[in-house]
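Heads up: the structure comes next, in structure tokens.
By convention in this document, chain letters (A, B, ...) are assigned in the order of the sequence lines, proteins followed by strands, and residues within each chain are numbered from 1. Only this structure's heavy atoms are used, side chains among them; waters, hydrogens and symmetry mates stay out.
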2 protein chains.
Amino acid sequence: MTDDDRVFKALADPSRRFLLDLLFARDGRTLTELESELEMTRFGVAKHLRVLEEAGLVVTRRSGREKLHFLNPVPIRQIHDRWIDKYTEHQITTLIDLKRTLEEES
Amino acid sequence: MTDDDRVFKALADPSRRFLLDLLFARDGRTLTELESELEMTRFGVAKHLRVLEEAGLVVTRRSGREKLHFLNPVPIRQIHDRWIDKYTEHQITTLIDLKRTLEEES
DNA sequence: TTGACATGTGACCGGATGGTCACATAACTT
DNA sequence: AAGTTATGTGACCATCCGGTCACATGTCAA
């Protein structure tokens with residue numbers, strides 16, 4: 001299993017993406033805290049966090065008996081850079097900003 | 001199945017990512033042309049292209065009996081924007097550019 | 001219009017994946 | 001030391017997914 005394979009497989013599950021959303025909103029949470037946000041047993045959440053950590057999308061730090069989880073944006077940026085070059089990036093951000101502006105006006 | 005679920009599921013397979021790489025290098029290819037680049041039957045490739053198209057990562061245009069395939073970067077950029085805010089984007093691009101520079105020097 | 005070419009469909013099978021549970025270790029508290 | 005809290009492990013099962021095949025449709029060229 002290659003590194004990028006681990007990243008994309010990790011992102012393929014909606015529960016794991018939701019965990020990233022939670023960490024994007026606020027970093028440094030424990031398993032138990034994250035578990036309370038999902039309708040799933042602790043074991044399921046722990047398994048998902050392990051997949052995210054092995055993919056490098058989440059990094060952890062131990063503090064006593066607690067394990068704190070942090071979002072790592074680097075692999076996400078690398079996905080972006082794989083299929084969007086500098087020129088396209090400028091076009092696409094302009095387009096998306098325009099779309100957002102139009103939606104706000106309506 | 002939500003839109004973003006289709007996108008991430010589509011990206012979870014290495015053959016499909018390779019197809020995106022091929023289209024990133026050169027757009028507007030037919031199924032038969034793409035098939036010759038993979039070690040897989042035509043049916044397998046067609047199935048993967050269908051998944052990519054339903055996810056909006058690939059858009060197609062018919063030309064007679066041929067179907068031309070094009071890469072659509074919009075869903076990729078949206079993945080980026082989901083977990084990387086403007087401030088982090090600046091930090092991360094600086095970091096990645098630095099890393100690239102160091103690797104080129106060594 | 002006949003044959004070759006490009007693509008599409010539905011069924012099938014082996015392997016991978018998501019979620020749970022019983023059980024276990026380690027650390028804080030009193 | 002004892003009870004509670006936070007996390008870790010391995011097995012299990014239902015379901016999904018990747019790839020192939022037999023078969024079919026539509027298009028071009030002579």
Sugar-phosphate only, base, or nothing, as touched by A:G64 at under 4.0 Å among non-hydrogen atoms: sugar-phosphate
Phosphate contact (D:dG19 OP1 or OP2) by B:T41 side-chain N/O below 4.0 Å: no
Nucleotide D:dG19, atom C1' - distance to CG of B:L49 in whole Å: 14 Å
Euclidean distance, atom CZ of residue B:F43 to atom C1' of C:dG8 [Å, nearest integer]: 9 Å
Touch class at under 4.0 angstrom, heavy-atom based, for B:R50 against every strand present: sugar-phosphate
Distance in angstrom units between B:R62 CZ and C:dA6 P, rounded: 13 Å
Residue met sooner reading DNA chain D from 5', once B:V45 and A:T30 are mapped to nucleotides: A:T30
Rounded interatomic separation in angstrom, taking CZ from A:R6 and C1' from C:dA16: 16 Å
Residue closer to the 5' end of DNA chain C, B:L31 versus A:V51 (nearest nucleotide): B:L31
Approximate separation, where rounding is to 0.5 Å, of A:L49 CG and A:R29 CZ: 11.5 Å
Nearest-Å distance for atom pair NZ/P, residues B:K47 and C:dA6: 23 Å
Euclidean distance, atom CE of residue B:M40 to atom P of D:dC21 [Å, nearest integer]: 13 Å
Pair B:E54 + B:R50, salt bridge at N-O below 4.0 Å: yes
Cationic N near anionic O, under 4.0 Å, A:E103 to A:K99: yes
DNA chain C: 5'-proximal contact among A:G44 and B:K67 (nearest heavy atom): B:K67
D:dT5 base / A:R65 side chain donor-acceptor hit below 3.5 Å: yes
Value in whole Å for how far the P atom of C:dT17 lies from CG of A:L52: 14 Å
Euclidean distance, atom CG of residue A:L34 to atom P of D:dA6 [Å, nearest integer]: 13 Å
Sugar-phosphate, base or nothing in reach of B:K9, heavy atoms under 4.0 Å: sugar-phosphate
Heavy-atom pair with the smallest gap, counting every atom of A:R77 and B:I96: CG-CD1, 3.5 Å
Backbone of A:L11 reached by a side-chain donor or acceptor of A:R16 within 3.5 Å: no
Contact under 4.0 Å: A:T32 side-chain N or O vs D:dT7 OP1/OP2: yes
Short side-chain N/O contact to D:dC17 OP1/OP2 from B:H48, under 4.0 Å: no
Presence of donor-acceptor pair under 3.5 Å, side chain of A:R42 and base of D:dG8: yes
